[in-house]
Amino acid sequence: MNKLIFARYGKQTPKMQYDFNQIEAKWQKYWAEHQTFKATSPDPSQGGDPLKPKFYVLDMFPYPSGAGLHVGHPLGYIASDIYARYKRHQGYNVMHPQGYDSFGLPAEQYAIQTGQHPAITTETNIKRYREQLDKIGFSFDWSREVRTSDPRYYKWTQWIFIQLFNSWYNKDTDRAEDIETLVQVFEKAGNSDINAACDDDTPSFSASEWQQFSTKQQQELLLKYRLTYLAESEVNWCPALGTVLANDEIVNGVSERGGHPVVQKKMTQWSMRISAYAQRLLDGLETIDWPQPLKDSQTNWIGRSEGASVTFKILPPTPSFGGGRGEDKPNEQPTQGIEVFTTRPDTIFGVSFMTLAPEHELVPLLTTPEQKKAVDGYIESTAKRSERERMADVKTISGVFTGAYAEHPFTKEPIPIWIGDYVLAGYGTGAVMSVPCGDQRDYDFAKHFDIPIPNIFDGVDISEEAFSDKEKTVIANSDFLDGLPYKKAVKRAIFELEKMGQGEGKINYRLRDAVFSRQRYWGEPFPVYYDAEGMPQMLDEECLPLELPEVDKYLPTETGEPPLGNATHWAWDLKQSAVVSNQLIDHQTVFPLELNTMPGWAGSSQYFNRYMDPQNDEAIFSKEAIAYWQDVDLYIGGSEHATGHLLYSRFWQKFMFDKGWAPKDEFAKKLINQGMITGTSAFVYVLELKIRYERDSKHILENRRLVTSESSYESWRKDGKVDKLCSEAVNAILKKVKDGGGKNIQEPEALISPNRVHIKFVDSSNILNRKDFLDDISSSGLEFLSEEPYVVSREVEKMSKSKYNVVNPDEICEQYGADSLRLYEMFLGPLEQSKPWNTSGITGVHGFLKKLWKLYHSGPNGEFKVTNSASSEGGQGEDPSAESLKTLHKTIKKVAEDIENFSFNTSVSTFMICVNELTAQKCRSRAILEPLAILVSPYAPHIAEELWEKLGHTESISTAPFPIFDATYLVESSKEYPISFNGKMRFKLKLPADMGKEDIEATVLAHEKTQEQLQGRTPKRIIVVPGKIVNIVG
RNA sequence: GCCUUGGUGGCGGAAUUGGUAGACGCGCUGGAUUCAAAAUCCAGUUCUUUCGGGAGUGUGGGUUCGAUUCCCACCCAAGGUACCA
């Protein structure tokens, strides 16, 4: 017996098997120890070669969440890693860094709940992330790691903030300039000649006025020009999170994180003047190779529209300006007109009323005493409705007449001024000229309130709906615009308006300035203190970083200040250049520091440049480093960052370019959005029963939870009744109750609902492991209705811990190896597509790796064996067969093309075909197997390194030159032609490859199968495409 | 509504300029090996069929000798966006 066991054991000596666990651990250790993937600095003094071509491959760095990685996370990293490794084989100096976007809300909320400092949570999570990432065998250059929450890193985030504060945007030169240049102009000539991106309410002043302003007044004016500025503005306030949110952090009117309601609130906040860059952000899209959907969503977000601004004079009898708010501020000039923005100045003669947003500042001034009550009531009722309600309910038409009239710029007719909540305060000027015949919303409003709808279109019926087809527009009833098509009419209308000084051509953008303050703890502190006048002042650059203070509570203070308000040492001593106790604040030399922190996107907006020189404490990066690395060659990440990170980063990059620090004004040449890997959640259906009865004169409520079938659920959902299976079970339970002495048994309440089951309890054929499932705490109290194997229902949805459908990469690595995981993630489908994860499929790629291993292990006991060629390599062996060479070279060609096209799924299948063919050919030749190892290496680097070493190499395979494709091996002497009849392939015929058209035709026609197909008919036509196909028509 | 992407076997997917539809893998079926299982290997696997063939890439048209691929209309799904004037 013992003998037998030993004999069998000996037959498959473990050493000869593909022992992926041992191999992968060995090479991961080797890479770490040898710093194999360290990108070399261009500096020759550090052994670098500034002439070696660079290639910068970047992943979107992760937020280290407590849940760890699931198999969906590494997808993009694997793709970028393959590309990075491929570029190393091509001889590039590749930089492939990784880091952590480690400021953020989850760590802070955990801190609020547990009191644990977010830095500790973050550190723990990062450690776990790193362990998980290391197991997958990425070629990251960890010596360049950055963490956004590290003071040595956020020093430079604060630095950029200061630079933005000290800059303004000159529209004439179309770039950011130093704020000092602006001050110089103000001193000499005031601001009338300045063409700058600035606040709308910036007043004009002369040089002498400027000089007479107080310092505070000057500072206030400069804030209107700075690229980051403090201003009171309407912000999205999320009471549940206790913080403001940017537009891109709100989804469907609720917060992206947590789904809490958001309301509008006026607050003084830091903002970024991204709107100054709107046009350049739009133009830059043309120059970069990014996915079209992503470019489109940025284009929509920026929302450029061309049109005109038109001023409508307000007609007397002027409403009692003394009566409204004007009384409080007698110096304020009442506005004499209402400015609107329109994309259709050609329809100006169709204006029959005007509509203002309820929040429009002129509303209280315009409203006549008779209408005041109605208007106030309307404003109050719209203010009550949340953003979400207003969005959900776009069909209800509401509005109210203000009693006031404006004057039409051309006809001089009076135009009634209405307010309506379909006009948004936040877009354009918050007022529109309503052209009911040309705009459906205006049309509906006019119909609803019985306002006239004049038709100004030639030959168009507007009795049913508005006409908005610009292309088919011919203007009528419009004085000088009569007979003009859309484009000409627009030009003419603008020309006439400009002549009268009542309008001009204008381009409007939807893009708003980005609110940059957050009322949170775990973020970058602003390098800002407030002086005796309450004006913000920047810390000296030398004083950075301004480190986050310790607080004993991470919640807002009792007075409603942000969490930093809890810090006892959060004052700036100007003399010492140090943070000191709040008690020392005297507003002379010690000042309060800013209590807000920066938003999540602050740290991610320049990290890609910081990777170029991450240890530099003197500058964000050295000139040499950025001169060499320039920009990102390939950036891979999720499309959900389209209107957040990717837009803000482009904005900061353009600023860095304007200031001369960055050589490129776009930071990433090519970008790919990897798709999501979805999970397949599992469900059981649970019948919840509530049975009430009496026993021993006590009222008893018995709850039972029974696992029933999907069909029970379906029938319950259809008619609200339980099906036979359930009712039998219910009756059995009731009988038991009765037998046990239950009295007054009431009709039980029943509810069937789907319940998620953790996928670890389900096997590949969807059968539930009942024992393990019932042993789990989450399923306590559950009973099964039937003894038969339970088949769960499946649904594909986002992979998430809360959906119990997470697959952990560590477990896959443990069971199949990192190389299998890498190959399988790529094999699943096209990179950019979202696709469901199904672990059972991994046996396919795992089997491939075993077959690959076997190709190199053909000794009598499965030990390593490859043969050298006869013609080279010492002449001891035999040359590879022509067949094997053909297999190799077609693989080289396909794999190289696939990597260039990011078609990684097809190259995995190419490898499979190649190994299947070489196995069939019994190929053992070094001349084939050595290049094959290099081909496989970007995808399955561990096994490739192991085989490379066994082939006798002492250096890592990672820089071995990529095999060169030689077309001569693919030349064929014959071609198997598909012979089709009327486009349908019927049979194949092998013909010499160099056979001419006529000969092919003759041979095919003479063939017996052709005659069979034709059944005596004469073909009408014969198409011969040499090398491709023969098609016989007839 | 608008914009974008996509729709191919039981499943993931392939077909790069119009030229053999379903590569490769999973799953499934049968077989070999094994006391047995795992592993491995071999064969088959779009549907349909009277075994000749016929149909077939979301639907309906069109262009073409030939269409998954190009054009038109529509349907469905996913993502983005939305009283944006």
Side-chain angles (χ1 to χ4, degrees), chain A residues 8 12 17 251-252 291-301 303-305 307 340-344 347 355 357 390-391 393-397 420-424 426-435 438-442 444-445 508-510 639-640 642-643 673 675-676 680 764-765 823-824 827-830 832-848 850-851 854 894 897-898 901 903 905-913 916 976-988 1012 1019-1025 1027-1034:
Chain A
R8 199 175 299 141
Q12 8 174 293
Q17 297 265 307
V251 178
N252 295 328
Q292 197 54 45
L294 194 149
K295 286 188 182 183
D296 287 337
S297 84
Q298 288 206 349
T299 305
N300 287 336
W301 192 261
R304 177 191 155 109
S305 48
V340 302
F341 174 75
T342 178
T343 55
R344 297 294 304 272
T347 64
T355 317
R390 260 168 88 163
M391 274 187 349
D393 178 30
V394 294
K395 280 188 188 122
T396 317
I397 294 158
D421 69 356
Y422 80 95
V423 178
L424 305 177
Y427 183 76
T429 61
V432 299
M433 58 174 227
S434 303
V435 183
D439 183 285
Q440 194 58 42
R441 293 155 304 172
D442 295 344
D444 294 339
F445 195 88
N508 206 35
Y509 297 93
R510 199 186 78 108
S639 58
E640 67 273 19
T643 52
N673 291 130
M676 199 175 31
T680 35
S764 58
S765 37
L823 281 171
Y824 189 50
F827 187 61
L828 277 178
E832 307 202 24
Q833 198 173 299
S834 96
K835 52 243 161 188
W837 178 268
N838 178 9
T839 302
S840 65
I842 202 171
T843 54
V845 292
H846 188 65
F848 155 73
K850 285 190 197 165
K851 278 188 210 163
K854 273 194 183 165
K894 177 84 172 119
E897 283 169 359
D898 283 347
N901 294 325
S903 176
N905 54 326
T906 50
S907 34
V908 178
S909 71
T910 304
F911 287 136
M912 290 173 170
I913 294 166
N916 288 345
E976 196 170 43
Y977 279 93
I979 312 299
S980 51
F981 291 79
N982 297 319
K984 286 266 170 200
M985 199 278 289
R986 294 303 170 196
F987 67 93
K988 289 175 194 172
E1012 208 175 281
K1020 281 189 200 134
R1021 210 174 146 184
I1022 297 159
I1023 315 282
V1024 178
V1025 185
K1028 288 239 159 134
I1029 201 168
V1030 178
N1031 191 19
I1032 298 164
V1033 188

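Computed from a predicted structure; not experimentally measured. Sequence lines set the chain letters: A, B, ... in the order given, protein chains first and strands last, and positions in each chain run from 1.
The side chain of A:Lys984 sits closest to B:G56 out of B:G56, B:C65, B:A14. For A:Ser909, whose side chain is taken as the heavy atoms from C-beta onward, the closest listed nucleotide among B:C24, B:C65, B:U20 is B:C24. Set against B:A39, B:C84, B:G25, the side chain of A:Met912 has B:G25 as its closest nucleotide. Candidate nucleotides B:U20, B:C26, B:C83 were compared by shortest atom distance to the side chain of A:Leu424, and B:C83 ranks first. Closest contact between the side chain of A:Leu828 and the listed nucleotides B:G12, B:C83, B:C3 involves B:G12. Side-chain atoms of A:Val423 lie closest to B:A85 of the nucleotides B:A14, B:U4, B:A85. Of all nucleotides listed (B:G12, B:C65, B:G27), B:G27 comes nearest to the side chain of A:Thr843. Comparing B:U81, B:A23, B:G19 against the side chain of A:Asn1031 picks out B:G19 as the nearest. Residue A:Phe827 has its side chain nearest to B:G25 when only B:G25, B:C83, B:U20 are considered. In this structure, of B:A85, B:C26, B:U17, it is B:A85 that holds the atom nearest to the side chain of A:Thr342.
A:Pro830 comes within contact range of the sugar-phosphate backbone alone, with a heavy-atom separation under 4.0 Å but no base atom that close. Among the heavy atoms of the strands lying under 4.0 Å from A:Val1025 is at least one base atom, whether or not backbone atoms are also near. A:Asn905 comes within 4.0 angstrom of sugar-phosphate atoms only, judged by non-hydrogen atoms across all strands, and of no base. Counting any heavy atom pair closer than 4.0 Å across all strands shown, A:Asn916 reaches sugar-phosphate atoms only and no base atom.
For the OP1/OP2 pair of B:G27 and a distance below 4.0 Å, the side-chain nitrogens and oxygens of A:Asn838 include no atom meeting the criterion. OP1 or OP2 of B:G13 has at least one side-chain nitrogen or oxygen of A:Gln833 nearer than 4.0 Å. The phosphate of B:G54 has OP1 or OP2 within less than 4.0 Å of a side-chain N or O from A:Arg986. Contact check, A:Arg510 against B:A82: a side-chain N or O comes under 4.0 Å of OP1 or OP2. Side-chain nitrogen and oxygen atoms of A:Arg441 include at least one within less than 4.0 Å of the OP1 or OP2 phosphate oxygen of B:C84.
A donor-acceptor contact under 3.5 angstrom links the side-chain atoms of A:Lys894 to the base of B:U16.
Taking A:Phe445 as the reference, A:Phe353, A:Trp418, A:Tyr422, A:Phe449 meet the ring-ring contact (aromatic ring centres under 6.0 Å, His included) condition, with sequence neighbours excluded.
Base pairing of B:C2 is made with B:G80, judged by Watson-Crick or G-U wobble geometry with both donor-acceptor distances under 3.5 Å.
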